[in-house]
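Contents: one structure, followed by commentary.
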There are 2 protein chains.
Amino acid sequence: MPKKDEAPPGETVDDFDLRGFLPYLLNMAAEESSASFQRYYKGKYGMLRTEWRVLFHLGRYGAMTAKEICDRARMHKTKVSRAVAALQAKRFLTRSPWEDDRRHETLALTSQGRQAYADLAAQGKQFDRALMADFSQEEARLLRQALVRIAKL
Amino acid sequence: MPKKDEAPPGETVDDFDLRGFLPYLLNMAAEESSASFQRYYKGKYGMLRTEWRVLFHLGRYGAMTAKEICDRARMHKTKVSRAVAALQAKRFLTRSPWEDDRRHETLALTSQGRQAYADLAAQGKQFDRALMADFSQEEARLLRQALVRIAKL
DNA sequence: CGTTGTTAGTTACAAAACCAACTAATATGT
DNA sequence: ACATATTAGTTGGTTTTGTAACTAACAACG
């Protein structure tokens, strides 16, 4: 119906397609894949994505400072700062200042936080499995590898 | 960085890794791949990502209504509404109401808009090529295919 | 020492995204 | 016909993010 321009739908005027533009494709795939999982941790724990990321890092890699989370998760320090405050308010983590350098404080999950992490990690694994259900082992391996490379992880 | 498998004291090691969690991986890759391109259209045209998406759809697929953009780009109507207003203010598109149903209006790029699209599309193709530089043809094909599937495009 | 610089983290304010309510035009059902 | 529902799109108020300035603790060097 909308054909008042010179680009007829379905016909290529150039080869710059959706499927040919990787950033677009990656964003759509990322959004699609995050949607249901996000609904889960938002609904069950009232967490934002930033909070889930921080919880994830502490749960998976152990206690560390906010700075370390910034570096590992590539989040800006203000984002981390606010996420940490929110998680602390939810009693999911505690802060303990260093004695030899009081600028730092180690962030560690409480048992409540670990419980939430365990739940979300299990759920996450399930989401992941469902997502990869119709890929072969080899395809899955290649996909992950490619993404790690693009993400420069 | 160290990919050492360490667990917090008293906790069990699990296999829920960064590299094993697809939504996380996709988000990181998407962010990484969008960064430099975003800087380009933001710097040169003062566009937001939403505006670029709308411009992209109109430039690539021809004139259409806001609703069609919502559906194709999976953007919420408020986002599209505001992006359209911004692009109109920049003289990148015009609106023409339908005569038989005045709820609709066809959005079409102006020559200025088409010029911006041509520039950004060319730039985008380059970004894409650079991104895929160290993948084989076969890997690239597989990656795109997998992303299309995950994104349900 | 003290001046300057650097690092970790917070806060304040502006930009953008999100959600819900709204208008206006058309479709539908009785 | 007329009340009700639906559809396209906008607007308002709140939440979340982004940017920059800020504090506090330490480091480095004169």
Side-chain angles (χ1 to χ4, degrees), chain A residues 1-2 27-28 30-31 34-35 38-39 41-43 45-55 57-58 63-90 93-108, chain B residues 27-28 30-32 34-36 38-39 41-43 45-55 57-58 63-90 93-108:
Chain A
M1 102 198 38
N27 273 293
M28 294 296 264
E31 218 171 297
S34 296
Q38 184 167 355
R39 231 171 288 123
Y41 61 69
K42 201 167 193 169
Y45 299 100
M47 267 189 229
L48 299 176
R49 188 190 300 210
T50 50
E51 293 166 44
W52 155 238
R53 279 209 184 174
V54 167
L55 187 83
H57 277 268
L58 291 173
M64 62 181 89
T65 67
K67 180 62 164 60
E68 273 180 274
I69 297 177
C70 290
D71 295 342
R72 300 187 78 139
R74 291 182 200 165
M75 292 166 67
H76 195 266
K77 56 186 182 171
T78 61
K79 255 185 173 175
V80 171
S81 173
R82 291 193 265 240
V84 165
L87 289 171
Q88 189 182 25
K90 291 184 180 78
L93 63 77
T94 55
R95 314 159 100 119
S96 17
W98 293 17
E99 280 160 29
D100 55 326
D101 185 344
R102 268 165 314 186
R103 287 173 304 182
H104 299 78
E105 42 191 13
T106 300
L107 306 169
Chain B
N27 273 293
M28 294 296 265
E31 217 171 297
E32 184 67 34
S34 296
S36 53
Q38 185 168 354
R39 231 171 288 121
Y41 62 67
K42 200 167 193 171
Y45 299 100
M47 266 189 229
L48 299 177
R49 189 191 300 214
T50 50
E51 294 167 44
W52 156 237
R53 278 210 185 174
V54 168
L55 186 83
H57 277 268
L58 291 172
M64 62 181 89
T65 66
K67 179 62 163 60
E68 275 181 271
I69 297 176
C70 289
D71 295 341
R72 300 185 77 136
R74 292 182 199 164
M75 291 166 68
H76 194 266
K77 56 186 182 170
T78 61
K79 255 184 176 176
V80 171
S81 174
R82 280 165 175 141
V84 165
L87 288 171
Q88 188 181 25
K90 290 185 180 75
L93 63 78
T94 56
R95 315 159 99 118
S96 17
W98 293 15
E99 280 159 33
D100 56 326
D101 186 341
R102 268 165 314 188
R103 286 173 303 182
H104 298 77
E105 42 190 15
T106 299
L107 306 169

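In what follows, chains are A, B, ... by sequence order, proteins preceding strands, each numbered from 1.
- Residue Arg102(A) has a polar side-chain atom (N or O) positioned under 4.0 Å from OP1 or OP2 of dC26(D).
- Mapping Lys42(B) and Trp98(A) onto DNA chain D via the closest heavy atom, the residue that lands nearer the 5' end is Lys42(B).
- At a threshold of 4.5 Å between non-hydrogen side-chain atoms, the residues Val84(A) and Arg95(A) count as touching.
- Straight-line distance from the CG atom of Leu48(A) to the P atom of dT15(D): 12 Å, rounded to whole Å.
- What you find for Ala83(A) and Val54(A) is that their closest heavy atoms are CB-CG2, 3.8 Å.
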Dump the pairs, protein N or O against N or O of nucleotides 9-11 of chain D, anything under 3.5 Å, distances to one decimal.
residue : atom : partner  : partner atom : Å
dG9(D)  : OP2  : Lys67(B) : N            : 2.7
dG9(D)  : N7   : Lys77(B) : NZ           : 3.1
dG9(D)  : O6   : Lys77(B) : NZ           : 2.7
dT10(D) : OP1  : Arg95(B) : NH2          : 2.2
dT10(D) : OP2  : Ser81(B) : OG           : 2.5
dT10(D) : O5'  : Ser81(B) : OG           : 3.3

Next item on the list: Report the C-alpha separation of Arg49(A) and Gln38(A) in whole Å, then their side-chain angles, then the decisive distance to 0.1 Å, and conclude whether the side chain to side chain contact (heavy atoms under 4.5 Å, CB included) test is met.
Entry: CA-CA 7 Å; Arg49(A) 188 190 300 210; Gln38(A) 184 167 355; 3.5 Å; yes
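- The distance from atom NZ of Lys79(A) to atom C1' of dA8(C) is 19 Å, rounded to the nearest whole Å.
- When side chains are defined from C-beta on, Lys77(B) does not count as touching Val80(B), because their heavy atoms never get closer than 4.5 Å.
- Atom CZ of Arg102(B) sits in a sparse spot, with 12 or fewer heavy atoms from other residues, nucleotides or ligands closer than 6.0 Å.
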Note to self: One pair to check against salt bridge (charged side-chain N to carboxylate O under 4.0 Å, His left out): Glu51(B) and Lys90(B). What are the steps and the verdict?
What the structure shows: CA-CA 11 Å; Glu51(B) 294 167 44; Lys90(B) 290 185 180 75; 2.7 Å; yes
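- Distance, Arg39(A) CZ to dC18(C) C1': 15 Å, rounded to whole Å.
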